[in-house]
Amino acid sequence: MEAVFAILVGLFFAASIYLMLSRHIIRILLGVVLFGNAVNLLIFTNGRIMREVPPIIAEGLDVPAGAVANPLPQALILTAIVISFSFFAFLLVLAYRAYQEIGTDDTDGMRVAEPADDGLPPMGY
Amino acid sequence: MLPFVGALFAPLLTRVMKHNAGWVLAAVPLLVFVHFAGMLGIVGSGATVSAGFDWAPSLGLRFSWYLDGLSLTFALLISGIGILIVIYSGGYLKGHPHQGRFFSFILLFMGAMLGLVVSDSFLMLFVYWELTSITSFLLIGFDHGREASRRAALQALLVTGLGGLSLLGGLLVISQATGVNELSSLLAAGDALRNSPLYLVALILVLGGAFTKSAQFPFHFWLPNAMEAPTPVSAYLHSATMVKAGVYLVMRLNPAMGDTAAWETILPMFGGVTLAVGTLLAVRQTDLKLMLAYTTVASLGLLVMLTGFGSDKAIEAAALYLIAHSMFKGALFMVAGLIDHETGTRDITGLRGLRKAMPVTFVAAMLAALSMGGLPLFFGFLAKEEIYAALGAPEGWQAALLVVAICGNALMFAIGFAVALRPFVGAAAKAPKAAHEGPMSLWLGPVVLGASGLAAALVSPIIHRFFSSPTASAVAGSPVDVTISTIPHLGVPLLLSGLTVALGVAAYLGLDRLRGAMVGVLKTIGWGPDQGFDQALRGLLRLATGLTRVIHNGRLDIYMTVTFIAVAAALLLPMMLFDELPSIPSIPEFRFYEWGVLAIAVIGVAAVVHARSRLTAIVSLGIQGFAVALLYMLFGAPDLSFTQFMVETLSVVILALVMTRLRLAPTDHRPFGQKLVDMAIAGACGAGFALLLLKVTQLPFDDRLSQFFNTYSKTIAHGRNVVNVIIVDFRGLDTLGEIAVVMVTGLAILALVRIRSKKVEVRATVAEEA
Amino acid sequence: MQTLIFRTATPFLTCLMLMFSVFVLLRGHNEPGGGFTGGLIAASAFAIHGIAFGVPAVRRALYFHPMAIAGFGLFASAVAGLPSLLFGMPFLTGLWSAPSLFGMSVDLSTVMVFDIGVYLVVVGSFTSIALALEDREHD
């Protein structure tokens with residue numbers, strides 16, 4: 001079962017990296033979202049997959065009856081989802097603002113911080 | 001340690017007491033001086049003092065001190081001249097806004113220098129060595145408002161700093177070759193070092209440190225430039241003490257490394273060349289301080305030459321000259337500063353007839369110059385006699401050294417008098433400031449030092465007993481007794497001395513003509529190491545800029561490409577190299593709806609990649625997100641599923657909100673070739689992750705942690721939803737951090753949205769730049 | 001977004017979602033749910049309300065600035081970790097008590113306070129993000 005997930009994770013990674021290698025900020029954003037999902041699925045699969053048995057202890061018991069899904073990766077992913085969403089929102093707004101200020105969505109055109117040619121540093125002492 | 005404490009309090013004291021603080025602070029070197037003077041008796045009898053404590057025993061590192069004749073002489077010179085210098089600076093920098101800082105630096109330097117000459121362990125030696133370089137940098141750059149000052153300071157730091165690195169290398173090689181980490185034990189292990197195959201490497205590296213510090217040709221150029229420093233600094237660091245650190249090192253290592261062909265060739269050669277170059281360049285100068293600076297270079301050359309000569313006589317001569325030089329050169333520098341301070345100029349061509357205005361200074365200057373010229377009754381005379389005694393019977397190429405020594409000494413004689421006599425005699429010339437005698441704090445130093453040059457010679461047996469002999473013994477590595485006295489005795493040395501004086505007088509009279517000739521010669525050469533330094537530094541800057549531009553080119557796609565190639569390599573290469581590829585899995589049993597959800601996820605991802613319009617992109621992004629949520633639902637993670645659903649919904653909403661106004665189609669504008677390359681990289685990364693995951697899941701699973709949570713979730717944390725219990729209870733602190741992050745992102749987004757008002761200005765600046 | 005159906009349905013929807021979010025939050029300890037999920041649901045509710053009636057209406061309804069809510073949540077979560085210190089246990093150790101209220105046993109705990117804090121942070125932050133973005137349409 002994990003094998004199929006592994007391939008799916010590989011696909012997610014490939015697609016997200018392909019998008020991120022673009023110079024267009026929208027595509028990079030989409031890539032980041034996919035990347036988050038890919039990483040979450042990677043962690044999920046790493047914790048081994050079990051069908052349909054959530055890690056919830058039935059009423060009246062002290063420990064789960066029988067085998068349940070691994071709760072640890074789930075806890076990790078849950079917070080990861082929320083955080084990656086907030087970062088996605090931040091990136092989105094950042095990209096939007098950058099587009100408004102600089103007027104381009106091409107990362108090569110965004111050269112406020114690293115100008116294409118800022119000359120030699122001062123040669124004096 | 002005392003000077004460091006003094007340095008701490010110096011600024012405060014200066015604020016309270018103004019320039020008079022110098023008198024109080026002089027107590028610091030005075031105490032040190034008394035402390036070391038108390039050891040004269042022990043060390044004078046040939047014994048050594050050492051102490052220390054372990055610092056990192058496992059590495060064999062110790063803080064340790066070692067005191068023999070050489071160290072003690074240096075320590076007394078440093079603290080003794082230090083007393084006078086501190087007093088002198090009090091007067092010289094009177095009213096300077098940063099005088100406290102200056103005192104602090106000077107005392108820091110004193111501490112470092114003392115540490116250097118008494119350290120035993122290599123580690124301490126190196127640390128103090130670099131500390132003197134750094135304090136020297138601070139002092140040269142003291143007047144940091146001027147570019148020349150900054151340049152000189154940087155130059156000194158770079159040259160001596162590089163030398164320090166070379167020294168470190170040398171010390172490491174020595175320690176490697178002999179297994180010794182302390183100077184005292186190295187002195188005993190000299191034979192092992194000399195016979196080691198690493199000897200030559202160690203020698204060259206150590207000499208690299210010593211020669212840069214002691215301004216030997218071709219590294220001499222930083223020393224004259226260092227004259228940008230206030231005069232007390234020039235007098236103290238750049239004539240009497242710091243530049244002698246290199247000489248100290250050479251002398252210190254003489255018993256361990258000397259007495260070999262390489263040693264006795266390299267040292268006299270460099271020393272001799274430095275002596276010749278230093279004196280010739282000194283002739284060319286008209287600035288008092290620069291003239292003295294070049295003669296200092298020459299004297300250092302002479303000392304190195306003598307040390308490398310190898311005979312006991314030469315070593316005696318070096319010891320005597322070392323002491324004599326510290327006295328007369330320190331005094332002359334202070335005189336130069338005094339003249340500068342009182343008249344406003346240091347140009348020798350504009351200074352005449354100060355005898356009447358500054359009688360005390362004149363006396364001090366004459367005392368120093370007589371010693372420098374090596375006339376009888378002065379300590380310099382003893383040194384010179386001894387030098388000629390050592391060089392007097394040359395064999396083969398050593399004759400050249402004798403000639404160099406005679407000419408060098410003669411020129412130094414001329415320059416000494418040019419500095420000490422010329423400004424004072426003749427008719428008074430018009431100086432920028434009305435000249436008059438300086439305050440006591442200013443003339444005390446030169447007078448004491450000048451007089452001590454005379455006194456030391458008069459009581460030479462005592463001096464020999466306590467200073468010269470122990471020093472020479474330490475340098476030679478075996479007991480040496482210095483006996484020379486100030487009563488002239490006939491012989492070859494005296495004859496040579498007479499010749500030197502005669503030549504010196506001639507040079508003094510013809511100084512102006514000589515200078516003209518030198519200026520002409522230098523103009524034809526046109527290039528020197530000083531310009532070379534500038535060129536090297538510019539080249540370095542250009543190289544750095546070029547390199548930055550290649551690596552840090554500001555193109556995100558290139559950064560990304562490089563990063564992901566590295567990721568792919570890191571994922572795939574180890575697996576291939578160590579043959580850890582996972583085994584081929586069998587096709588697992590899946591229910592049809594599970595296959596369906598997987599297919600939806602794949603389709604969603606593919607659609608995102610291929611989307612041509614905004615809407616398609618958003619929708620397909622939503623599709624893959626929901627598919628992932630379904631997968632979580634199907635495989636036992638309802639919490640994740642809910643969260644993922646909500647997040648995807650919100651993502652789609654805000655993405656739509658922003659995208660509708662971005663008016664950008666997410667189409668791909670990359671050329672086809674680029675696409676192929678990117679696809680290959682992405683594919684490699686994807687394959688890498690997939691293989692890694694396969695491999696990991698094929699290994700046995702350690703579920704202790706999960707079992708722990710399952711077992712204790714209800715019993716300890718009273719919760720039946722294990723996931724939630726982990727989040728809010730077991731790992732509560734992590735969650736606290738995470739919600740803090742969420743909050744900060746929220747704030748950041750708000751801030752981003754709010755800074756609209758500046759938009760126009762930013763646009764304007766961007767337009768200007770473009 | 002001025003369609004009649006949407007505008008009519010939205011108040012009920014918002015209401016329901018908010019109630020559901022609190023439900024999800026409170027049951028989170030024993031059943032699927034919890035602060036993160038609940039918070040996201042509530043945030044979506046406010047976002048929908050904002051789309052239907054405009055941002056000012058939501059801001060009026062919320063009364064506090066969303067970021068203030070988030071700040072309070074963070075504060076509550078942090079404070080929830082303090083009581084355990086009084087009992088000599090590490091920061092954030094859960095403490096439980098079950099007082100009887102109107103004949104029913106109610107489980108009260110510092111962990112619950114913590115989870116409510118998480119809920120408030122998520123609601124506050126995401127609502128403020130959504131509102132900030134929606135707000136842009138009007139300027």
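Treat the numbers as computed from the prediction; the structure is a model and nothing was measured. Proteins come first, then strands; the chains are lettered A, B, ... in the order of their sequence lines, and each starts at number 1.
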Contact class of B:V741 relative to chain A, heavy atoms under 4.5 angstrom: side chain

From CA spacing to verdict: side-chain contact (heavy atoms from CB on, under 4.5 Å), B:V696, A:T45: CA-CA 10 Å; B:V696 169; A:T45 315; over 6 Å; no

Among the listed options A:I28, A:N70, A:L76, A:L19, the residue most often paired with chain B at heavy-atom distances under 4.5 Å: A:N70

Among the listed options A:L41, A:V9, A:I7, A:V82, the residue most often paired with chain B at heavy-atom distances under 4.5 Å: A:L41

Nearest heavy-atom neighbours spanning B:I749 and A:S86: CD1-O, 4.2 Å

Segment of A:I77 engaging chain B (4.5 angstrom heavy-atom cut-off): both

Aromatic plane relationship, A:F44 with B:Y632 - under 30° parallel, 30 to 60° tilted, over 60° perpendicular: perpendicular

For A:L21, the option from B:Q674, B:M679, B:M560, B:K675 that meets side-chain contact (heavy atoms from CB on, under 4.5 Å): B:M560

Distance-only polar pair, side chains of A:N37 and B:Q624, donor-acceptor under 3.5 Å: yes

Among B:I654, B:V753, B:L750, side-chain contact (heavy atoms from CB on, under 4.5 Å) partner for A:V93: B:V753

Separation of B:D678 CG from A:S22 OG (nearest 0.5 Å): 8.0 Å

Residue part contacting chain B, namely of A:F88, when any heavy atom lies under 4.5 Å: side chain

Side chain, backbone, both or neither of B:I618 within contact of chain A (heavy atoms, under 4.5 Å): neither

Contact class of B:L650 relative to chain A, heavy atoms under 4.5 angstrom: both

Interchain contact, B:V628 with chain A, by part (heavy-atom threshold 4.5 Å): side chain

Engaged part of B:L621 at the chain A interface, taking heavy atoms whose separation is under 4.5 Å: side chain

